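Taking it in order: structure first as structure tokens, then the write-up.
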Amino acid sequence: MSEFRHDLRSAFDEMSGPADPGFSARVHAQLMERAEERQRPHWTMAVAAAAIAVLLIGTFLYTLRATHPTSNPPHPAASTAASPHPTSVPSASPAPIASPSGPAVPVVPPSGFSCASVSRSGAQQPPVNNVTSVRAGTQNGYDRLVIQFSGQVPGYDVSVQSSPTFTQDPSGGTVTLQGTAGVKVVVHGATGALLNNAPKDLSPGYPALKEARQLGDFEGVYSWGLGVAAGTCVRVTTLTSPSRLVVDVATTGG
Amino acid sequence: MMSTIAEGFTGADVGSDPAVFSTVIEPLLEPARRMATVMLHDRSQAEDAVQEAALKAWRKHHQYRGGQSGLRGWFLAIVANECRMVRRGRWWSLLTFADIPERPAPAEEATVTSSDLQEGLTKLQPDQRAALFLYYYLDLPIDEVARILGVSPGAAKVRIHRAARSLRPHLAEEELLR
């Protein structure tokens, strides 16, 4: 053994002192006592966690305040029940036309179809439902317009008229669709505000359903006009999961 | 005891029994305590550091895959790391308590031969003292010293050599070998 190493060992011995016989027992005791406890987070982690919590709560409260006022203006119909809005909406209750003017030959509607207006009042439910989709399709014997809602199907009026000219809501301007007659679909308590980029004018050119155009989406009244072949009859049904209002226009009615 | 643990020892052998783990590391506690005292120059802090290191080793013993031969290096590396953390936190306690490290009173006969070495050692960095301690006192191979200190074998060699040189500047090269 070199002299240097010998001296160094002596120095280290002096530094660290004699062996402590009770040491391993103390380590053992502490291990047994604290083995099960979870590692305590450092205080900086506690501070960081508190800061994150404050930030999250702050953001949550801020977004609550920010979204609440802005969610109301596009859907003012939330107060429809308590305010006289419905009377101010001209398209809300168009005079139903008892029978479309046309040939003297009486129209015999196919089974399940009606050539008069159809309406149903909405159940007690949240004032405004969101329209999630509007689409058209054709089947054997009828063409179909489907309006899909996020909640229940609200109250609606479906009226048949002798011309494909409609009044737009709320502008009051008129629009004439393809076809020779019209069907007006008015939903009370719905908005298409979430249908940002969906087309508001469908021109499928089906045998009965020539064109469908959104007439209005204002104060909770959501309406579409259908330009149809003359003398057609409609069948209105609702479907659930998802909620849909289905307007079928018969191709064999007239 | 260590001898009862098979050569292919892994942390999983200890299972979830801290008593078994305590038995496994028991032979390492005295070398660990000495190393920590050498690094920290404070016996009570050294004891605390080893206790804390034992707990940390227990918490991550499931990850250990080194076999029995690597156990000493693994445990001492945790202790060395704990000592570094204690030193990093020490400025606070020094400011607060003006804590004067207690030094063992040197034995009379050893004072003559090693007092200058003692003084030289206190001027070294803790990691340099640890390197010298592991190499000259525990007689560990360079590879294991390197693993414990978390450096490459080459760096460990350089560290040992420089520390020894600073203690004995005029010693012949072969005298520095052990």
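Residue numbers begin at 1 in each chain, while the letters A, B, ... track the order of the sequences. What you are looking at is a predicted structure, and each value in this text was computed from that prediction instead of being measured.
Only the side chain of Leu167(B) comes within contact range of chain A, with at least one heavy atom under 4.5 Å from a heavy atom of that chain. Contact annotation for Ala46(B): neither backbone nor side-chain heavy atoms come within less than 4.5 Å of a heavy atom of chain A. Heavy atoms of Thr37(B) lying under 4.5 Å from chain A belong exclusively to its side chain.
Aromatic pair Phe4(A)/Tyr136(B): centroids less than 6.0 angstrom apart. Ring-centre distance between His188(A) and Tyr156(A): not below the 6.0 Å cut-off.
Remark: the Asp169(A) side chain and the Ser171(A) side chain contain no N/O donor-acceptor pair separated by less than 3.5 Å. Judged purely by distance below 3.5 Å, without hydrogens or angles, the side chains of Arg213(A) and Gln168(A) never pair a donor atom with an acceptor atom. Checked by atom type, the side-chain pair Tyr137(B)/Asp13(A) shows a donor-acceptor distance below 3.5 Å.
A tilted orientation is assigned to the rings of His61(B) and Phe21(B), their planes being inclined by 30° to 60°.
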request  = Check step by step if side-chain contact (heavy atoms from CB on, under 4.5 Å) holds for Arg34(A) and Glu52(B).
outcome  = CA-CA 10 Å; Arg34(A) 291 177 60 194; Glu52(B) 203 57 41; 3.8 Å; yes

message = Is there a side-chain contact (heavy atoms from CB on, under 4.5 Å) between Tyr222(A) and Ile147(A)? Walk through the geometry before answering.
response = CA-CA 10 Å; Tyr222(A) 184 74; Ile147(A) 303 177; 4.1 Å; yes

task = Could you give me the CA-CA distance, side-chain angles and deciding distance for Gln148(A) and Leu245(A), then say whether side-chain contact (heavy atoms from CB on, under 4.5 Å) is met?
result = CA-CA 6 Å; Gln148(A) 186 172 315; Leu245(A) 173 63; over 6 Å; no

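Ranked by non-hydrogen atom pairs under 4.5 Å with chain A, the options Leu132(B), Leu29(B), Val50(B) are led by Leu29(B).
A 6.0 Å sphere centred on CZ of Arg162(B) holds no more than 12 heavy atoms belonging to other residues, nucleotides or ligands.
Remark: Arg34(B) is not positioned above the aromatic ring of Phe133(B), lacking an NZ or CZ atom under 6.0 angstrom from the ring centre and at most 45 degrees off the axis.
Of residues 22-31 of chain A, those residues with a non-hydrogen atom less than 4.5 Å from any non-hydrogen atom of chain B are, in numerical order, Phe23(A), Ser24(A), Arg26(A), Val27(A), His28(A), Gln30(A), Leu31(A). Annotation: residues 147-158 of chain B contacts chain A through no residue [non-hydrogen atoms, separation under 4.5 Å].
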